[in-house]
Amino acid sequence: MSKNQSNDSTSTEGIHQWKKNAPYKIHDTGKDFKVRYEASCHCGKVTYQLSREAPLDSKLCHCTTCQTQHAAPFQWAAIFHKDDINFTKGHHDLEWYDPTDKSIEHKLPCKVRCSFCHSPIMDEGRNMILLFPTLVHFKNEQEKKNFKPRCHMFYGQRVMDIPDGLPKWSGLNNSSDLIEDSPPEKVVELERQRVKEQDEASKKGKEQSKK
């Protein structure tokens with residue numbers, strides 16, 4: 001190997017480091033990974049397994065970025081830890097897209113797709129991943145219920161109304177306003193929280209004015 005070839009090898013080492021880290025590293029399914037679900041992209045070139053029985057959360061996102069990226073009125077996403085997924089095929093054939101900088105570098109957070117059929121595989125964040133339940137091969141209704149959406153996000157940007165009784169947040173859940181047909185108890189709970197925070201802020205302001 002020539003000196004130049006050696007340098008080239010060293011310079012590309014970091015580019016492929018992602019293959020050794022979660023969520024892309026391969027697990028030993030016989031020891032540290034219990035397979036509960038299997039999933040695949042549309043063409044089947046990318047397949048993966050999941051070890052968690054139910055996602056940490058499941059949401060319907062109505063933001064305009066999700067609408068554009070999925071060519072759909074909203075996105076159904078389930079949140080998992082990065083170690084909850086095990087790629088069994090095709091993890092070397094993925095492509096990335098950073099919607100913030102509009103680049104195709106593997107830079108977090110980013111969108112991950114199959115490089116052949118371009119099916120969305122997941123959104124990779126800095127600590128978590130957002131998977132798409134429509135890729136999961138559910139074996140029964142209970143498995144599908146485990147992924148049932150629990151709320152709507154960015155409902156203020158919606159293109160259609162969905163009167164399903166789920167909490168509907170104008171932006172991110174738990175940090176924006178509840179709107180439309182959100183359950184009354186949720187609205188009351190949020191209003192109590194707001195009043196409490198306002199009272200605490202007012203009390204704090206009065207104490208500081210006395211000093």
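None of these values were measured; they are calculated from a predicted model. Residue numbers run from 1 in the order of the sequence given. Heavy atoms only: backbone and side chains are in, while hydrogens, waters and symmetry mates are out.
Taking 4.5 Å as the limit, every side-chain heavy atom of Q49 sits out of range of all side-chain heavy atoms of I85. Put simply, the side chain of I162 does not reach to within 4.5 Å of the side chain of R158, judged on heavy atoms. A heavy-atom distance below 4.5 Å is found between the side chains of C43 and C114. Proximity of H152 to H62: side-chain heavy atoms (C-beta onward) are separated by under 4.5 Å at one or more points. Annotation: side chain of P149 is in contact with side chain of L166 (closest heavy-atom distance under 4.5 Å). Taking 4.5 Å as the limit, some side-chain heavy atom of I26 sits within range of a side-chain heavy atom of N86. Residues W76 and S58 have side chains in contact (heavy-atom distance under 4.5 Å, counting atoms from C-beta outward). K148 places none of its side-chain heavy atoms less than 4.5 Å from the side chain of K144.
Judged purely by atom type and a 3.5 angstrom limit, D101 has no side-chain atom pairing as donor or acceptor with the backbone of S103. The closest donor-acceptor contact from the side chain of S176 to the backbone of G171 lies under 3.5 Å. Between the side chain of T47 and the backbone N or O of S40, no donor-acceptor pair lies under 3.5 Å.
Using a 30° and 60° split on the angle between ring planes, F147 and Y37 fall in the perpendicular class, above 60°. In this structure, W96 and H106 have tilted ring planes: the angle between them lies in the 30° to 60° band.
Note that K111 lies outside the cation-pi zone of Y97, set by a 6.0 Å cut-off to the ring centre and a 45° limit from the axis. In this structure, K168 satisfies the cation-pi test against Y155, with its NZ or CZ atom closer than 6.0 Å to the six-membered ring centre and inside 45 degrees of the ring normal.
The two residues R113 and P120 make their nearest non-hydrogen contact at NH1-CG, 3.4 Å. The shortest non-hydrogen separation linking L50 to F80 is CD1-CZ, 4.0 Å. Of all heavy-atom pairs spanning P163 and D181, the tightest one is CA-OD2, 3.2 Å. Summarising the geometry of Q157 relative to T64, their closest heavy-atom pair is OE1-N, 2.9 Å, with the distance given to 0.1 Å. Residues D98 and P109 share a closest heavy-atom pair of OD1-O, 3.7 Å. For the pair S51 and D83, the tightest heavy-atom approach, listed with the atom from each and the gap, is OG-O, 4.3 Å.
Crowding of L108 atom CG: a count of heavy atoms from other residues, nucleotides or ligands under 6.0 Å exceeding 12. Other residues, nucleotides and ligands contribute more than 12 heavy atoms inside 6.0 Å of the NZ atom of K107. The local environment of NZ in K139 is crowded, with over 12 non-hydrogen atoms from other residues, nucleotides or ligands closer than 6.0 Å.
Cluster membership for I129 and L60, using ILVMFWY side-chain heavy atoms within less than 4.5 angstrom, is shared. The same ILVMFWY cluster, assembled from side-chain heavy atoms under 4.5 Å apart, contains both F138 and L131. Under a hydrophobic clustering in which Ile, Leu, Val, Met, Phe, Trp and Tyr are joined whenever their side-chain heavy atoms come within less than 4.5 Å, directly or via other members, F154 and V159 fall into different clusters. Linking Ile, Leu, Val, Met, Phe, Trp and Tyr whenever their side-chain heavy atoms come within less than 4.5 Å leaves V112 and M128 in two separate clusters. By the rule that hydrophobic residues join a cluster once side-chain heavy atoms approach within less than 4.5 Å of another member, M153 and F74 end up as members of separate clusters.
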Go through it in stages, so that I can follow the logic: the residues are L135 and H42, the test is side chain to side chain contact (heavy atoms under 4.5 Å, CB included), and I'd like the CA-CA distance, side-chain angles, deciding distance and then a yes or no.
CA-CA 8 Å; L135 274 63; H42 186 269; over 6 Å; no
Take L94 and F116, measure what side chain to side chain contact (heavy atoms under 4.5 Å, CB included) needs, and give me the verdict at the end.
CA-CA 8 Å; L94 297 170; F116 188 81; over 6 Å; no
Between K82 and E124, does a salt bridge (Lys or Arg N to Asp or Glu O under 4.0 Å) hold up when you go through it step by step?
CA-CA 8 Å; K82 290 189 176 186; E124 183 186 0; 3.2 Å; yes
Set out, in order, the CA-CA distance, both residues' side-chain angles and the distance that settles side chain to side chain contact (heavy atoms under 4.5 Å, CB included) for K45 and C117, then state yes or no.
CA-CA 8 Å; K45 289 185 179 294; C117 68; over 6 Å; no
Report the C-alpha distance between L178 and W169 in whole Å, list the side-chain angles of each, state the deciding distance to 0.1 Å, and finish with yes or no for side chain to side chain contact (heavy atoms under 4.5 Å, CB included).
CA-CA 5 Å; L178 280 167; W169 301 89; 3.5 Å; yes
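The six-membered or imidazole ring of F132 lies near that of H70, with a centre-to-centre distance under 6.0 Å. The ring of H91 has its center no closer than 6.0 angstrom to the ring center of Y24.
Each of N173, L172, D177 was evaluated against S175; a single residue qualifies, L172, per the side-chain contact (heavy atoms from CB on, under 4.5 Å) test.
One distance of note links CG of N146 with CG of N140; it measures 8.5 Å at 0.5 Å rounding. Here H81 contributes atom NE2 and R52 contributes atom CZ; the two are 4.5 Å apart, rounded to the nearest 0.5 Å. Here CG of L130 is found 9.0 Å from CG of D57. Values are rounded to the nearest 0.5 Å.
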